[in-house]
K.L.:
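Take this structure, written in structure tokens, and hold onto it; I'll ask about it next.
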There are 2 protein chains.
Amino acid sequence: MRRATLKDVAARAGVHVATASRALNETSRHLVNSATLDRVLRAAADLGYSGNLSARTLRTARSMAIGMLLPDLTNPIFPPIVRGAEDILRERGYSTWIANTDDDPKITAASIDAFLARGVDGFISAGSRLHDGTAEQMAAQGHALVLVNRAVDRADIPSVTADDDHGVRLALSHFVELGHRKIVHLAGPQDLSTGVHRKRAFVQGLADHGLDREPERVAQCEAWSQREGHRVLSGLLRDEKIDFTAIVAGNDLIALGCYDALRERGLTCPHDVSIIGFNDTPFMDHVAPPMTTIRIPQYDLGREAAKLLVDLLEDPTGGPRSIVLPVELVIRRSTAPLR
Amino acid sequence: MRRATLKDVAARAGVHVATASRALNETSRHLVNSATLDRVLRAAADLGYSGNLSARTLRTARSMAIGMLLPDLTNPIFPPIVRGAEDILRERGYSTWIANTDDDPKITAASIDAFLARGVDGFISAGSRLHDGTAEQMAAQGHALVLVNRAVDRADIPSVTADDDHGVRLALSHFVELGHRKIVHLAGPQDLSTGVHRKRAFVQGLADHGLDREPERVAQCEAWSQREGHRVLSGLLRDEKIDFTAIVAGNDLIALGCYDALRERGLTCPHDVSIIGFNDTPFMDHVAPPMTTIRIPQYDLGREAAKLLVDLLEDPTGGPRSIVLPVELVIRRSTAPLR
DNA sequence: ATGAAAGCGCTAACAT
DNA sequence: ATGTTAGCGCTTTCAT
């Protein structure tokens, strides 16, 4: 059976479509007589009416839809973010589009355009490379945009991020308490704000603890991957000049790569080297050894981003706000006192 | 600046909107003179025109959008499925809505209705409980629907699933080759097709190997969770009547729960008991011990589901097809020869 | 308090 | 080959 339209509802209630429309919309409901309101509501319920949002979008130029851009849903940090955002958006009456971009500028541009063609009211982006300018461009064009998990050097683009700095400080303090003094950082790529923040905080933290005498305390990974963690730590282990007893890894995958590199050299974690990861990716409590890591509240990151966006849409005068969410050190067994 | 409309393009090209529309649509392009075609295309490019899909949807009653229903994106089996589907859909010009339902009938119904209100052309559902009737109801209402990862007892609802039966057979053969004879199955919930298929295949497989003399070879988990795996295996270990040297777990999480239960009793895997999981969830290669498991091609499940749906939409006469994708035994270190 | 009418941007049937 | 016209379903201004 054909889906009921407003016209059907109006006919059944014996009123004009305009009246039916008014009755069915919260904001105009007060304009209609309570008896007719009842009739319309009843008719709508009888017919299982639920409106045509394409028509409404066309007429009102508001879609109650938002587009979510992310590099790759398959990367375990994203699902909780998307879930958090979708939960809030659904609660508030919005629907959610998703697109995986692989951080490819072409796919990103095409996805943005597709979302725009569908009249999205705003965007949540989880994949803004620091210097590709996409975010800035979107902001310049006046599109509502909230960045999540990554920020951009511009105060007028709202973002929701985790407190990476504090996470690094927690990691360093933990190591220092355990007696470690020779600590290295396997930094993630520097084209993402998380990468630069964590690295910067590490260098600063080393200085704060008076541990910065040697320069080679940071090694650079070219990707946030296990493979890179393995490659870079292997290099460090071959290099006689650098010795260390503890590693702050850019993220859990890099830390996992460190596990591999240590194992290959016959070293064990945490006996020979302690490691702290970042993110508390699922199952890190079950890897061997269970990984000490900085937990990022991904689900809340998604929720807060969605809240920020909706608030922005509903009150554009509010001005952009950015939120930094607290992180937490989860101590497991990849860290141990210095022998 | 205001987004360009077809009218703007037509004006700039000096033609009527209908001509512009024809020029811009593949199917009607041949109707327009090649010189005017050029002018329209040029004008569209100049203006960065990309159409208003709400208007088109309203007019054509086709949205080129599909809705994806899943219980919980945070469950690691779903992201690759969604990613696979989205990849195909984007390739074919469709956009993707997502909704997490938590398998809650209310949320599911509301999400379906929201998708319908937005005029989706079809649905991909990854969360069809076997007996809740939602899928059947949708099919009855004539909505295009493809089930993924789970099937329903109805031939006319297309589905894409993994070959669970073969997976169980692979697991059993592996155990038998290793010398195991006392094998139990920790079955997943029976309201999902995967749960019943795996259990049925296990019972059948035991018979095929002549290993079915004892009845208590199957224990039932109430959820696909680590916690349930732990609870149920603990029960089995306390039960003096049942002894076993090998476990086919309903999925990897249940298997992880088995790890926990064994550890609590001072038993080790695979020394005392061998375990095979199901799914090859991310990081199962890094748990301790690395888990032998049946790999399900989740990404391809998503891709095939999307293909099936699009084919269905583009040629409804094709009739429903269902696809079963091959699985693979991944041997790691949670299985060992019988001592 | 309700109805009439216009129009959002687009496509398709019809006319030329 | 192109223009004219109508209308998808809805909201909103204006009139009553």
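Letters A, B, ... mirror the listed sequences (proteins, then strands); counts begin at 1.
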K.L.:
Only one of B:Leu24, B:Leu37, B:Asp38 passes side chain to side chain contact (heavy atoms under 4.5 Å, CB included) with B:Val32; say which it is.
P.N.:
B:Leu37
K.L.:
Once you round it to whole Å, what is the distance between C1' of C:dA12 and CG of B:Leu58?
P.N.:
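Result: 14 Å.
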K.L.:
Reckon B:Thr60 has a side-chain N or O less than 4.0 Å from the OP1 or OP2 of C:dT11?
P.N.:
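The answer is no; no side-chain N or O of B:Thr60 sits under 4.0 Å from OP1 or OP2.
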K.L.:
Nearest to the side chain of A:Arg59 - D:dG3, C:dC8, C:dG9?
P.N.:
C:dC8
K.L.:
Can you tell which of C:dA12, C:dA13, C:dC10 lies closest to the side chain of B:Arg22?
P.N.:
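Per side-chain heavy atoms of B:Arg22, the pick is C:dA13.
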K.L.:
How many Å lie between NZ on A:Lys7 and C1' on D:dT11, as a whole number?
P.N.:
16 Å
K.L.:
What's the CG-P distance between A:Asn25 and D:dT13, to the nearest Å?
P.N.:
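A:Asn25 atom CG is separated from D:dT13 atom P by 13 Å.
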K.L.:
With side-chain hydrogen bond (donor to acceptor under 3.5 Å, both in side chains) as the criterion, how do B:Arg3 and B:Ser50 come out once you've worked through the C-alpha distance, each side chain's angles and the decisive distance to 0.1 Å?
P.N.:
CA-CA 9 Å; B:Arg3 231 176 125 73; B:Ser50 88; 2.4 Å; yes
K.L.:
Are any of the side-chain heavy atoms of B:Leu308 and B:Glu304 separated by less than 4.5 Å?
P.N.:
no
K.L.:
Over how many whole Å does the gap from A:Glu26 atom CD to D:dT12 atom P extend?
P.N.:
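It works out to 14 Å between those atoms.
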K.L.:
In terms of ring plane angle, is the pair B:Phe123 and B:His143 parallel, tilted or perpendicular, where the classes change at 30° and 60°?
P.N.:
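B:Phe123 and B:His143: perpendicular rings.
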K.L.:
Rounding to an integer number of Å, can you tell me how far A:Asp8 CG sits from D:dC10 C1'?
P.N.:
13 Å
K.L.:
Side chain of B:Ser21, heavy atoms from C-beta onward: which of D:dG9, C:dT11, C:dA12 has the nearest atom to it?
P.N.:
C:dT11
K.L.:
Where the side chain of A:Leu6 is concerned, which of C:dT11, D:dT11, C:dA4 is the nearest nucleotide?
P.N.:
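From the listed options, D:dT11 comes nearest.
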K.L.:
Are the side chains of B:Asn52 and A:Leu58 in touch, meaning some heavy atoms are under 4.5 Å apart?
P.N.:
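In contact.
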K.L.:
Nearest whole angstrom, please: distance from the P of C:dT11 to the CG of B:Leu24.
P.N.:
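In whole Å, C:dT11 P and B:Leu24 CG are 8 Å from each other.
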K.L.:
If I compare all heavy atoms of B:Ser63 with all of B:Thr57, which pair ends up nearest, and what's the gap?
P.N.:
CA-OG1, 3.4 Å
K.L.:
When the distance from CZ of A:Arg2 to C1' of D:dC8 is rounded to whole Å, what number comes out?
P.N.:
11 Å
K.L.:
Can you identify which nucleotide, out of C:dC8, D:dC10, D:dT4, has its nearest atom closest to the B:His16 side chain?
P.N.:
D:dT4
K.L.:
Please give me every residue in residues 30-55 of chain A whose heavy atoms get under 4.0 Å of an atom in DNA chain D, ordered by residue number.
P.N.:
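The stretch gives A:Tyr49, A:Gly51, A:Asn52, A:Ala55 as the residues lying under 4.0 Å from the strand, ordered by number.
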K.L.:
Do the side chains of B:Glu91 and B:Lys307 get nearer than 4.5 Å, heavy atoms only?
P.N.:
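Side-chain contact under 4.5 Å: no.
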K.L.:
Report the end-to-end axis angle of the helix from C:dA1-D:dT16 to C:dT16-D:dA1; each axis comes from five terminal pairs, and the value is rounded to 10°.
P.N.:
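One end's axis against the other's: 40°.
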K.L.:
Are any of the side-chain heavy atoms of A:Met138 and A:Ile157 separated by less than 4.5 Å?
P.N.:
no
K.L.:
Is there side-chain contact between A:Trp224 and A:Thr194, with heavy atoms separated by less than 4.5 Å?
P.N.:
yes
